[in-house]
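Working notes, structure below.
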Amino acid sequence: MATVAELRKTSELIDRAYKFAERAHEGQKRRTGAPYFSHILATAEILAEWGMDEQTIAAGLLHDVVEDTDVTDNDLQKEFGKEISGLVNGVTKLGTVKYRGDKTQADNLRKLILAMAEDLRVILIKLADRLHNMNTLDPLPPEKQERIALETMEIYAPLAYRLGMQKLSGELQDLAFPYAYPDEYKWIVDNVKERYEAREAYLKKLKPIVEKALEDNGIEVLAMDFRAKRYASLYKKLLRSEMNLEKIHDLVAFRIIVKDIESCYGSLGVIHNLWPPLPGKIKDYIATPKPNGYRSLHTTVFGPDKKLVEFQIRTAEMHQEAENGIAASWAYEESKGTKTYKKRRAARANLKEAAWVEQLRSWQKGFADPEEFIDAFKIDFLMDSIFALTPKGAVVDLPAGATPVDFAYHIHSDIGNQCVGAKVNGKIVPLDHVLESSDVVEIITQKNKKPSQSWLDFVVTSSAKAHIRNALKNTSKGKLLDTKAQKIELKIVVEHRTGILNDVSSIISRSHVNIITLISGPRDRDSYHVIKALCDTDNKDKILKIILKLKTLKEVKEIDYRFV
Ligand code: MN
């Protein structure tokens, strides 16, 4: 990939952004004493390395000018146009997002997610910025180091993973781990170092055997190496295995890069011919890629002395994608000559991106308040995932620890509500059975069945929990409704602004009407939001008065009401 210095020669835009940012940050210093511009340049270099388009690299160069210099958004718009200033603006907005491990930051985190859904390139600039900041964390005071490190562990590394940028995600975690969890880090270093060395020595002996076997079978190997598992991910895995190092088989794994897909499967056969595979550990992520797009074949075999060895086999293209993920979809087409940066957005990458953003949007719609949404986001979205399959082969992405009931609700709330049993890989299992990746799950349903209270004890996805609670509530409420008064639901379409939900709810409560539930979310296809307020009254006159008062809010566009 070209460096920023090289790109300045071919891209007038990048050159102009470079000069503009250099002038704007002139005289500013980082805490290390280095000129501030060194951080700017490093961020842009990272984006260039990922092969980002020229707009993103230019915005990377400009990413701190609005926040840290006299340059205004207006100046930027005049000088560089809407696209660039929009990207910089997005990054500046994200700068206000700070994770402190508590829920008061929920609304800010929501902003982050919304910004992301608008233009993912904003997130990529932010990730490049964060990667450089994590590399230069040392001179900061300890509390700040810890906060930034935790934020990186909890928000940015999982986001990078979600975008398919596994290498970046791993790097961020490794950089953050010693600052975020110093004691745990020390434990790992003390306990693992020797084992790592022993494992590496063992694999070194195996390498020529594998190379020769592949060569004898006419498989051309582009690269073969073994990589120690990163400390941060090792620690996470240890937490799931009672801190028992003996249970971790992939401390160091082989990675084989071959030229095409046939060679991948060919290599797998050759390796299984050398050493018997561990049943259940053969993973075909080529036929069934992970939802983040990751493709590879994985297997674990009993090597010499019955030691377990993990292999990962993929093509060069898959490798590139595994490392750079979604960034690859903006990659610069070098063959097309000097100046043509293109938003290549290969069809597949684009689809992946679209599905991901769509999932975010639909998730967001389902949640009433930002805190609940953020909790769900963190649990459902950022936690370690497993990938179960429907009998037809569709991939269902679930958090680790998910059960058939989580699976059922993920497919459809009716399937969840009517679930009476489940088969995993053809065998009947209890409903609290913990699913594993590549399990084929079949849900057995029965009409008019209701979920059971006890399910709440084992489901892990917040959407399943919400659906179960809802179904339980409806059953008891249904009975009450027969004898009790009706309620009125207000549906209010508004132009969204911060605080509008508060204004609406205070108008209703000032009229001495209790609100039972208040839900707000964006309306499909336009920028309006819909607020639904279930009011504990059957007095139509009261509601009509409330409607008149609500209409005095200039953001309110339409109001409907109905008896429920
Ligand atoms: Mn920065």
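Note that ligands are numbered from 1 as they come in the structure, with each ligand's atoms numbered from 1 the same way. Excluded from the calculations below are hydrogen atoms, water molecules and symmetry mates; all remaining heavy atoms, backbone and side chain alike, are included.
Between the side chain of Q145 and the backbone N or O of L137 there is at least one donor-acceptor pair closer than 3.5 Å.
Salt-bridge check for E83 with R121: passed, with a basic side-chain N closer than 4.0 Å to an acidic carboxylate O.
Note on H39: its N/O/S atom closest to the Mn ion (ligand 1) is NE2. Within D129, OD1 is the N, O or S atom that lies nearest to the Mn ion (ligand 1). Of all the N, O or S atoms in D64, the one closest to the Mn ion (ligand 1) is OD2.
With no hydrogens or angles considered, a side-chain donor-acceptor pair links T136 and R30 at under 3.5 Å.
Taking 2.8 Å as the criterion, H63 counts as a coordinating residue of the Mn ion (ligand 1), since one of its N, O or S atoms falls below it.
Taking the six-membered ring for Trp and the full ring otherwise, F407 and H410 have centroids separated by 6.0 Å or more.
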